[in-house]
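The structure appears below as C-alpha coordinates.
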Amino acid sequence: EPEVTQTPSHQVTQMGQEVILRCVPISNHLYFYWYRQILGQKVEFLVSFYNNEISEKSEIFDDQFSVERPDGSNFTLKIRSTKLEDSAMYFCASNGGRMGTSYNEQFFGPGTRLTVL
Amino acid sequence: KNEVEQSPQNLTAQEGEFITINCSYSVGISALHWLQQHPGGGIVSLFMLSSGKKKHGRLIATINIQEKHSSLHITASHPRDSAVYICAVGGGADGLTFGKGTHLIIQP
(Lines give C-alpha, C1' and ligand atoms only; values in the text may rest on other atoms or scores of the structure.)
Protein backbone atom coordinates (compact mmCIF):
# COMPACT_ATOMS: atom_id res chain seq x y z
CA GLU A 1 0.00 0.00 0.00
CA PRO A 2 1.39 3.46 -0.85
CA GLU A 3 2.62 5.46 2.10
CA VAL A 4 4.13 8.83 2.95
CA THR A 5 7.74 8.58 4.09
CA GLN A 6 9.80 11.09 6.06
CA THR A 7 13.51 11.41 6.78
CA PRO A 8 15.20 11.64 9.14
CA SER A 9 13.13 10.11 11.92
CA HIS A 10 15.03 12.16 14.49
CA GLN A 11 17.14 15.28 13.99
CA VAL A 12 19.16 16.98 16.69
CA THR A 13 20.54 20.42 15.93
CA GLN A 14 22.03 23.44 17.63
CA MET A 15 20.06 26.65 17.97
CA GLY A 16 20.64 28.91 14.97
CA GLN A 17 21.42 26.07 12.57
CA GLU A 18 19.46 25.35 9.40
CA VAL A 19 17.57 22.08 9.09
CA ILE A 20 15.83 20.44 6.17
CA LEU A 21 13.13 17.88 6.80
CA ARG A 22 12.29 15.61 3.90
CA CYS A 23 9.08 13.94 2.85
CA VAL A 24 8.08 11.74 -0.06
CA PRO A 25 4.30 12.03 -0.51
CA ILE A 26 2.19 9.39 -2.21
CA SER A 27 3.05 9.64 -5.88
CA ASN A 28 -0.30 10.56 -7.45
CA HIS A 29 -1.37 12.92 -4.69
CA LEU A 30 -1.86 16.58 -5.40
CA TYR A 31 -2.00 18.36 -2.03
CA PHE A 32 0.85 18.35 0.45
CA TYR A 33 0.99 19.62 4.00
CA TRP A 34 3.34 20.16 6.90
CA TYR A 35 2.06 20.01 10.45
CA ARG A 36 3.88 20.16 13.76
CA GLN A 37 3.15 18.84 17.23
CA ILE A 38 4.98 20.26 20.22
CA LEU A 39 5.29 17.64 22.96
CA GLY A 40 2.06 17.36 24.92
CA GLN A 41 0.17 19.74 22.64
CA LYS A 42 -2.21 19.37 19.74
CA VAL A 43 -1.16 19.08 16.13
CA GLU A 44 -0.95 22.43 14.30
CA PHE A 45 -1.13 23.28 10.62
CA LEU A 46 1.95 24.95 9.14
CA VAL A 47 1.53 25.08 5.36
CA SER A 48 -0.23 23.55 2.38
CA PHE A 49 1.22 23.17 -1.10
CA TYR A 50 -0.54 22.59 -4.42
CA ASN A 51 0.50 22.90 -8.02
CA ASN A 52 4.06 23.73 -7.01
CA GLU A 53 3.20 26.66 -4.82
CA ILE A 54 2.06 27.45 -1.31
CA SER A 55 -1.74 27.42 -1.00
CA GLU A 56 -2.09 28.54 2.58
CA LYS A 57 0.15 29.07 5.57
CA SER A 58 -0.50 29.61 9.24
CA GLU A 59 0.88 32.39 11.41
CA ILE A 60 3.46 29.90 12.69
CA PHE A 61 4.95 29.66 9.19
CA ASP A 62 7.05 32.83 9.29
CA ASP A 63 10.04 33.87 7.22
CA GLN A 64 12.22 31.27 8.95
CA PHE A 65 10.28 28.51 7.21
CA SER A 66 10.19 27.55 3.55
CA VAL A 67 8.90 24.61 1.53
CA GLU A 68 9.97 23.20 -1.78
CA ARG A 69 9.19 20.35 -4.12
CA PRO A 70 12.53 20.26 -5.91
CA ASP A 71 12.20 17.16 -8.08
CA GLY A 72 8.55 16.13 -8.35
CA SER A 73 8.79 13.52 -5.61
CA ASN A 74 10.41 15.05 -2.53
CA PHE A 75 8.67 17.72 -0.47
CA THR A 76 10.93 19.56 1.96
CA LEU A 77 10.51 21.86 4.92
CA LYS A 78 13.46 24.12 5.69
CA ILE A 79 13.90 26.01 8.93
CA ARG A 80 16.58 28.64 8.35
CA SER A 81 17.71 29.45 11.88
CA THR A 82 16.28 27.08 14.42
CA LYS A 83 15.04 28.22 17.82
CA LEU A 84 14.52 26.19 20.96
CA GLU A 85 10.75 26.50 20.47
CA ASP A 86 11.00 24.77 17.08
CA SER A 87 11.54 21.49 18.92
CA ALA A 88 8.56 19.37 17.91
CA MET A 89 7.40 16.42 15.85
CA TYR A 90 6.91 17.50 12.24
CA PHE A 91 4.43 15.56 10.13
CA CYS A 92 4.12 15.62 6.38
CA ALA A 93 0.77 14.65 4.85
CA SER A 94 -0.72 14.35 1.40
CA ASN A 95 -4.15 13.90 -0.10
CA GLY A 96 -5.33 12.82 -3.47
CA GLY A 97 -7.46 15.88 -4.24
CA ARG A 98 -10.25 14.40 -6.35
CA MET A 99 -11.26 16.69 -9.17
CA GLY A 100 -13.45 19.49 -7.90
CA THR A 101 -12.46 19.18 -4.30
CA SER A 102 -9.41 19.22 -2.10
CA TYR A 103 -11.28 17.60 0.79
CA ASN A 104 -10.00 14.08 0.90
CA GLU A 105 -8.57 11.68 3.42
CA GLN A 106 -5.10 12.78 4.46
CA PHE A 107 -2.24 10.32 4.66
CA PHE A 108 0.40 11.14 7.24
CA GLY A 109 4.07 10.31 7.32
CA PRO A 110 5.62 8.84 10.48
CA GLY A 111 7.03 12.21 11.51
CA THR A 112 10.45 13.71 12.15
CA ARG A 113 11.27 14.53 15.75
CA LEU A 114 13.29 17.74 15.77
CA THR A 115 15.27 18.57 18.90
CA VAL A 116 16.91 22.00 19.07
CA LEU A 117 19.60 22.37 21.75
CA LYS B 1 -11.07 30.36 12.84
CA ASN B 2 -12.59 27.03 13.76
CA GLU B 3 -12.34 25.82 17.32
CA VAL B 4 -12.45 22.05 17.80
CA GLU B 5 -13.33 20.67 21.20
CA GLN B 6 -13.18 17.03 22.20
CA SER B 7 -14.52 15.20 25.20
CA PRO B 8 -13.53 13.45 27.26
CA GLN B 9 -9.83 14.33 27.36
CA ASN B 10 -9.03 11.02 29.04
CA LEU B 11 -10.99 7.78 29.09
CA THR B 12 -10.17 4.49 30.76
CA ALA B 13 -12.50 1.56 30.14
CA GLN B 14 -12.61 -2.19 30.45
CA GLU B 15 -12.20 -4.51 27.52
CA GLY B 16 -15.51 -5.08 25.77
CA GLU B 17 -17.07 -1.75 26.69
CA PHE B 18 -18.78 0.52 24.18
CA ILE B 19 -16.75 3.72 23.79
CA THR B 20 -17.96 7.14 22.67
CA ILE B 21 -15.74 10.13 21.97
CA ASN B 22 -17.33 13.45 21.13
CA CYS B 23 -16.21 16.36 18.99
CA SER B 24 -17.76 19.77 18.45
CA TYR B 25 -16.63 22.59 16.23
CA SER B 26 -17.55 26.23 15.99
CA VAL B 27 -17.72 27.02 12.26
CA GLY B 28 -19.43 25.13 9.42
CA ILE B 29 -17.13 22.73 7.63
CA SER B 30 -16.78 20.70 4.45
CA ALA B 31 -15.21 17.69 6.09
CA LEU B 32 -14.45 16.21 9.50
CA HIS B 33 -11.71 13.70 10.13
CA TRP B 34 -11.15 11.17 12.88
CA LEU B 35 -7.51 10.22 13.34
CA GLN B 36 -5.70 7.77 15.58
CA GLN B 37 -2.29 8.58 17.04
CA HIS B 38 -0.25 5.70 18.37
CA PRO B 39 2.14 5.94 21.34
CA GLY B 40 5.09 6.18 18.93
CA GLY B 41 3.54 9.31 17.42
CA GLY B 42 2.31 8.07 14.04
CA ILE B 43 -1.06 9.37 12.83
CA VAL B 44 -3.52 7.23 10.91
CA SER B 45 -6.70 8.43 9.26
CA LEU B 46 -9.76 6.51 10.44
CA PHE B 47 -12.61 8.38 8.78
CA MET B 48 -13.38 11.43 6.74
CA LEU B 49 -17.04 12.40 6.67
CA SER B 50 -19.18 15.32 5.69
CA SER B 51 -22.61 13.93 6.54
CA GLY B 52 -24.35 10.94 8.08
CA LYS B 53 -22.49 7.93 9.33
CA LYS B 54 -19.58 5.69 8.38
CA LYS B 55 -18.60 2.28 9.72
CA HIS B 56 -15.34 0.40 9.49
CA GLY B 57 -15.08 -2.79 11.48
CA ARG B 58 -15.76 -1.95 15.12
CA LEU B 59 -15.51 1.78 14.55
CA ILE B 60 -18.48 4.00 13.75
CA ALA B 61 -18.36 7.74 13.09
CA THR B 62 -21.36 10.03 12.91
CA ILE B 63 -21.76 13.69 12.19
CA ASN B 64 -24.59 16.18 12.72
CA ILE B 65 -23.88 19.17 10.52
CA GLN B 66 -26.68 21.30 12.00
CA GLU B 67 -25.42 20.79 15.55
CA LYS B 68 -21.72 20.95 14.52
CA HIS B 69 -21.06 17.74 16.38
CA SER B 70 -19.50 14.38 15.62
CA SER B 71 -19.04 11.19 17.60
CA LEU B 72 -16.66 8.27 17.27
CA HIS B 73 -17.85 4.97 18.69
CA ILE B 74 -15.85 1.82 19.33
CA THR B 75 -17.82 -1.37 19.88
CA ALA B 76 -16.40 -4.34 21.78
CA SER B 77 -13.30 -2.36 22.75
CA HIS B 78 -9.96 -4.13 22.98
CA PRO B 79 -6.63 -3.17 24.59
CA ARG B 80 -5.16 -2.67 21.10
CA ASP B 81 -7.63 0.23 20.68
CA SER B 82 -5.63 2.15 23.28
CA ALA B 83 -4.40 5.31 21.55
CA VAL B 84 -5.10 9.01 21.21
CA TYR B 85 -8.14 9.73 19.03
CA ILE B 86 -8.09 13.11 17.35
CA CYS B 87 -10.92 15.00 15.70
CA ALA B 88 -9.90 17.46 12.97
CA VAL B 89 -11.86 19.65 10.56
CA GLY B 90 -11.13 21.06 7.15
CA GLY B 91 -8.32 19.56 5.16
CA GLY B 92 -8.58 21.47 1.96
CA ALA B 93 -6.16 24.18 0.97
CA ASP B 94 -6.02 25.51 4.53
CA GLY B 95 -5.14 22.18 6.10
CA LEU B 96 -6.66 20.55 9.14
CA THR B 97 -7.60 22.19 12.43
CA PHE B 98 -7.11 19.66 15.20
CA GLY B 99 -8.69 19.01 18.56
CA LYS B 100 -6.50 18.20 21.55
CA GLY B 101 -7.29 14.50 21.34
CA THR B 102 -8.82 11.91 23.64
CA HIS B 103 -6.42 9.58 25.43
CA LEU B 104 -8.12 6.18 25.49
CA ILE B 105 -6.89 3.28 27.59
CA ILE B 106 -8.63 -0.07 27.38
CA GLN B 107 -7.75 -2.37 30.26
CA PRO B 108 -7.92 -6.16 29.85
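What you are looking at is a predicted structure, and each value in this text was computed from that prediction instead of being measured. A, B, ... follow the sequence lines: proteins, then strands. Residue 1 opens every chain. Hydrogens, waters and symmetry mates are skipped; everything else that's a heavy atom, side chains included, is used.
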Discussion item. Membership question, hydrophobic clusters at under 4.5 Å side-chain separation (ILVMFWY): are F91(A) and L46(A) in the same one?
Written reply: no
So, the part of Q41(A) with a heavy atom under 4.5 Å from chain B: the answer is neither
State plainly whether one hydrophobic cluster holds both I21(B) and F18(B), where clusters connect Ile, Leu, Val, Met, Phe, Trp and Tyr through side-chain heavy atoms under 4.5 angstrom apart. no
Exercise. Kindly work out whether a path of hydrophobic side-chain contacts (I/L/V/M/F/W/Y, heavy atoms less than 4.5 Å apart) joins Y33(A) to V4(A).
Key: no
> Quick check: does any side chain N or O of Y35(A) sit under 3.5 Å from a backbone N or O of L96(B), one acting as donor and the other as acceptor?
Replying inline: yes
Looking only at Q37(A), E44(A), K57(A), the option with the highest number of non-hydrogen pairs under 4.5 Å against chain B is Q37(A)
In this structure, CD of Q37(B) is separated from CZ of F108(A) (nearest 0.5 Å) by 9.5 Å
Are L77(A) and I60(A) co-members of a hydrophobic cluster defined by side-chain heavy atoms under 4.5 Å apart? yes
Say whether V84(B) and L11(B) are linked into one hydrophobic cluster, either directly or through other cluster members, by side-chain heavy-atom distances under 4.5 angstrom. no
S45(B) vs E105(A), side-chain hydrogen bond (donor to acceptor under 3.5 Å, both in side chains): CA-CA, chis, key distance, verdict:
CA-CA 7 Å; S45(B) 175; E105(A) 181 183 9; 3.3 Å; yes
With heavy-atom distances below 4.5 Å as the criterion, would you say the side chains of T97(B) and F45(A) are in contact? no
Honestly, the part of Y50(A) sitting under 4.5 Å from a heavy atom of chain B is neither
